[in-house]
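Since this is a predicted model, take the numbers as computed values, not measurements. Computation of the quantities below employed the complete heavy-atom set of this structure, encompassing side-chain atoms and omitting hydrogens, waters and symmetry-equivalent molecules. Along the sequence shown, the residues carry numbers beginning at 1.
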Amino acid sequence: WPILLAMLGELGLGFAFAYHAGKGADLSVISTLSILVSIAVGGGLTAAGLIATQLLTPHSGISALRVGLFVIPFNLICAYQAQILLGLGAMMEQNLIRLTVPLVYVVGVSVIAVARRANVMNYTTAYLVAQGCGALVGLGLARRYFRPHFKIQVQLIRPLLSYAGKTYVASIAAQSSLKLDQVIISALLTKAEMGYYVVAVSVAGVFAPLFNAAAMIVLPK
């Protein structure tokens with residue numbers, strides 16, 4: 001659910017940031033807007049999610065869900081910085097950001113397994129830490145690559161939103177369909193059955209990075 005909310009809150013701006021960065025727009029303005037949107041929209045969705053969980057019948061997964069909701073702002077920061085660097089053709093830096101989250105999460109899951117502390121809350125916390133590390137790495141690489149500073153330029157907001165609007169619906173349709181099965185199944189199956197299903201889907205998607213890599217090369221053209 002937190003990742004699905006992050007997809008909804010992305011607003012299509014990732015592609016817009018990449019496009020305008022590649023077209024020579026002021027990178028400090030783009031960077032500033034990316035961080036402000038991540039905090040405002042991500043924080044708003046987190047708050048809305050926390051309020052919504054208060055209305056749900058308490059059960060074992062609600063506490064972990066509340067922790068997981070704090071992933072949203074970090075996820076947006078991470079995604080936006082990666083897209084800006086993609087627009088600049090900084091493929092190595094962009095891939096380092098994309099690699100950070102799964103690597104940190106694998107380490108966290110491994111530590112939890114070795115410590116025999118496997119439960120939903122611990123896995124959720126590990127994922128939150130991984131997303132936080134991704135956001136920090138993204139901000140650090142962006143700062144190193146083009147040294148942005150805080151800057152607002154109202155004239156750039158309209159073209160950014162215009163471009164974002166054209167990609168938002170298609171992006172939501174594509175990304176939501178990838179997670180829709182898990183959202184539905186989460187309400188029908190036990191946590192253990194859900195876990196087996198998610199792992200199976202991940203294994204089935206083992207070739208996805210090849211297609212994603214090709215798309216990243218084609219996108220700037």
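- Note: Q94 CD to M92 CE = 12.0 Å, rounded to the nearest 0.5 Å.
- With T32 contributing its side chain and I152 its backbone, the two residues share no donor-acceptor pair below 3.5 Å.
- For residues 145-173, every residue pair satisfying the ring-ring contact (aromatic ring centres under 6.0 Å, His included) rule, not counting sequence neighbours, is listed here: Y19-Y163.
- Residues L103 and V137 do not share a hydrophobic cluster, defined by chaining ILVMFWY side chains whose heavy atoms lie under 4.5 Å apart.
- The main-chain N or O of S31 is found under 3.5 Å from a side-chain atom of S34 such that the two form a donor-acceptor pair.
- Distance CG/L45 to CG/L4: 10.5 Å, rounded to 0.5 Å.
- Taking every heavy atom of both residues into account, A21 and L27 meet most closely at CB-CD2, 3.9 Å.
- With hydrophobic clusters built from ILVMFWY side chains whose heavy atoms lie under 4.5 angstrom apart, L5 shares a cluster with V41.
- Side chain of E10 to main chain of G14: a donor-acceptor pair is present (N/O by atom type, distance under 3.5 Å, no hydrogens or angles).
- Residues passing the ring pair (Phe, Tyr, Trp, His ring centres under 6.0 Å) test with Y80, sequence neighbours excluded: F17.
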### Task
Could you give me the CA-CA distance, side-chain angles and deciding distance for N95 and L99, then say whether side chain to side chain contact (heavy atoms under 4.5 Å, CB included) is met?
CA-CA 6 Å; N95 280 314; L99 193 60; 5.9 Å; no
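- Within the structure, the ring-ring contact (aromatic ring centres under 6.0 Å, His included) test picks out no pair touching residues 25-46 (sequence neighbours left out).
- Of all heavy-atom pairs between Q54 and R66, the closest is NE2-NH2, 3.6 Å.
- The two atoms that bring A118 and Y123 nearest to each other are CB-OH, 3.4 Å, heavy atoms only.
- Rounding to the nearest 0.5 Å gives a distance of 11.5 Å between NZ of K191 and CE of M194.
- Nearest heavy-atom pair across A142 and P148 is O-CD, 3.7 Å.
- Contact of the L136 side chain with the C78 side chain is not registered, since no non-hydrogen atoms from C-beta on lie closer than 4.5 Å.
- For the pair W1 and L69, the minimum side-chain heavy-atom distance is 4.5 Å or more.
- The shortest non-hydrogen separation linking I30 to A25 is CD1-CB, 3.8 Å.
- Counting heavy atoms from C-beta outward, C133 and T100 have side chains that approach closer than 4.5 Å.
- Between atom CD of residue Q182 and atom CG of residue L189 there is a gap of 11.5 Å, rounded to the nearest 0.5 Å.
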### Task
Go through the steps for Q81 and L141 under the test side chain to side chain contact (heavy atoms under 4.5 Å, CB included), then give the verdict.
CA-CA 8 Å; Q81 304 315 304; L141 288 174; over 6 Å; no
### Task
Assess whether side chain to side chain contact (heavy atoms under 4.5 Å, CB included) is satisfied between L50 and F70, documenting all intermediate values.
CA-CA 9 Å; L50 291 173; F70 288 93; 3.9 Å; yes
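- There is a side-chain donor-acceptor pair under 3.5 Å between Q131 and Y127.
- Closest heavy-atom contact between P73 and G43: CG-N, 3.9 Å.
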### Task
Please assess I185 against V198 for the test side chain to side chain contact (heavy atoms under 4.5 Å, CB included), listing each intermediate value before the final yes or no.
CA-CA 10 Å; I185 288 174; V198 172; over 6 Å; no
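- Contact annotation: the side chain of I97 approaches that of L85 to within less than 4.5 Å [non-hydrogen atoms, C-beta and beyond].
- Counting only distance, with no hydrogens or angles, the side chain of N122 and the backbone of R117 share a donor-acceptor pair below 3.5 Å.
- Note on L139 and L88: separate hydrophobic clusters, where clusters join Ile, Leu, Val, Met, Phe, Trp and Tyr whose side-chain heavy atoms are under 4.5 Å apart, directly or indirectly.
- Using a 4.5 Å heavy-atom threshold, the side chains of T125 and I112 count as separate.
- If you chain together hydrophobic residues whose side chains sit under 4.5 Å apart, V111 and L128 never meet in one group.
- From I72, atom CD1 reaches atom CD1 of I77 across 12.5 Å, with rounding to the nearest 0.5 Å.
- Residues V71 and V109 share a single hydrophobic cluster, defined by chaining ILVMFWY side chains whose heavy atoms lie under 4.5 Å apart.
- At least one donor-acceptor pair under 3.5 Å links the side chain of T46 to the backbone N or O of G42.
- When side chains are defined from C-beta on, L33 does not count as touching L13, because their heavy atoms never get closer than 4.5 Å.
- Taken from OG in S28 to CD in Q153, the straight-line distance is 10.5 Å, to the nearest 0.5 Å.
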